[in-house]
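Reviewing the structure listed below.
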Amino acid sequence: MLRIAICDDDKKDIEYMEEIISESGMDKNEVYFHEYGSGEDLLMHIKELPSCDLLILDMQMGEMDGHETAAAFRKVFPKTTLVFWSGVCRPTDESFKATPFRYLFKNYSKEMMIQEMQAVVREVKSKQTFPYIIGNYYYNTVRFEPDDILYIENYRFGSIIHPYQEKVDYDFEKKGDIKTKKKLNELYEELQPFGFEYAHNSYIVNMNYVTKMSSEGDLKLKDDTLLRISRSKQKSFREAFSELMGYKY
């Protein structure tokens, strides 16, 4: 999943930019949008972002302008694709110190804005990297991307990976568990930005594959696997799931 931050003091402009992005080759289901009403708001919450693939930044906002915001943002996310957009401000030498990929104007026609944003989307996708989880099965090795995995459970010597069979194409003669030496907490750190959350101390679940969640804490995954959310994880799991669904829909 890609994380896109939009910082603008006009809510309508934020909604318009989200519409432009969704019409520029970015599937709505592969994006988390993070909205900020000012530079101060963005910087106050920046440490809550596990990653950021694209920042769309208005140049003229309240007390903290785009230049100042961009400089502070770059200290945390030096490699994020940055796009300035403005209604009145023209680019200056100061603008390019933050190495923006594009400088857009709000008075562009929708057609022109989409054309420019398509180039931005291509840039973002070209830089996108996924963590690969290596699983071992007897003498075989399987490499998983986040979307290949339904859930991962704790195991004495590491973790057991449960793949989504429709996504993973392999055929081994023997049946058995696919294991990795990585501990569950290590895998959670890598996979949390891609929609994984603890449903129990002993397993993390890819929430993108949750199809049903009961008030009693029963979980049903896309392949009909049934799991249980522990009482201690009910609140955090439901909040994470609601956030994910909010970004997607």
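These numbers come from the heavy atoms of this one structure, side chains and all, not from hydrogens, waters or symmetry mates. Since the model is a prediction, treat every value here as computed from it, not as a measurement.
Using a 4.5 Å heavy-atom threshold, the side chains of Glu116 and Ile20 count as separate. Using a 4.5 Å cut-off on side-chain heavy atoms (C-beta onward), Ile152 and Leu184 make contact. Residues Glu190 and Lys182 have side chains in contact (heavy-atom distance under 4.5 Å, counting atoms from C-beta outward). By the 4.5 Å heavy-atom criterion applied to side chains, Leu221 and His162 are not counted as neighbours. Using a 4.5 Å heavy-atom cutoff, the side chains of Cys52 and Phe73 are in contact.
The side-chain contact (heavy atoms from CB on, under 4.5 Å) check on Gln234 picks up Ile229, Arg238, with sequence neighbours excluded. Listed by chain and number, the residues in a side-chain contact (heavy atoms from CB on, under 4.5 Å) with Met112 are Tyr108, Ser109 (sequence neighbours excluded). Annotation: side-chain contact (heavy atoms from CB on, under 4.5 Å) contacts of Ser214 (sequence neighbours excluded): Glu216, Asp218. With sequence neighbours excluded, the residues satisfying side-chain hydrogen bond (donor to acceptor under 3.5 Å, both in side chains) with Ser230 are Ser232.
Between Ala199 and Leu219, the closest heavy-atom pair is CB-CD1, 4.1 Å.
In summary, the aromatic rings of Phe105 and Tyr103 are positioned with their centroids under 6.0 Å apart.
Ile160 shares a hydrophobic cluster with Tyr155, Phe157; the chain of contacts runs through ILVMFWY side chains whose heavy atoms sit under 4.5 Å apart. Under a 4.5 Å side-chain heavy-atom criterion applied to ILVMFWY residues, the cluster that includes Ile134 comprises that residue alone.
The cluster map of Ile, Leu, Val, Met, Phe, Trp and Tyr, joined by side-chain heavy atoms under 4.5 Å apart, puts Val76 and Leu42 in the same cluster.
If you take CD1 on Ile6 and OH on Tyr36, they are separated by 10.5 Å, rounding to the nearest 0.5 Å.
At least one donor-acceptor pair closer than 3.5 Å links the side chain of Asn208 to the backbone N or O of Phe194. A donor-acceptor pair under 3.5 Å is absent between the side-chain atoms of Tyr188 and the main chain of Lys183, judged by distance alone.
More than 12 heavy atoms of other residues, nucleotides or ligands shown are found within 6.0 angstrom of NZ on Lys106.
Between the side chains of Arg228 and His200, no donor N or O sits under 3.5 Å from an acceptor N or O.
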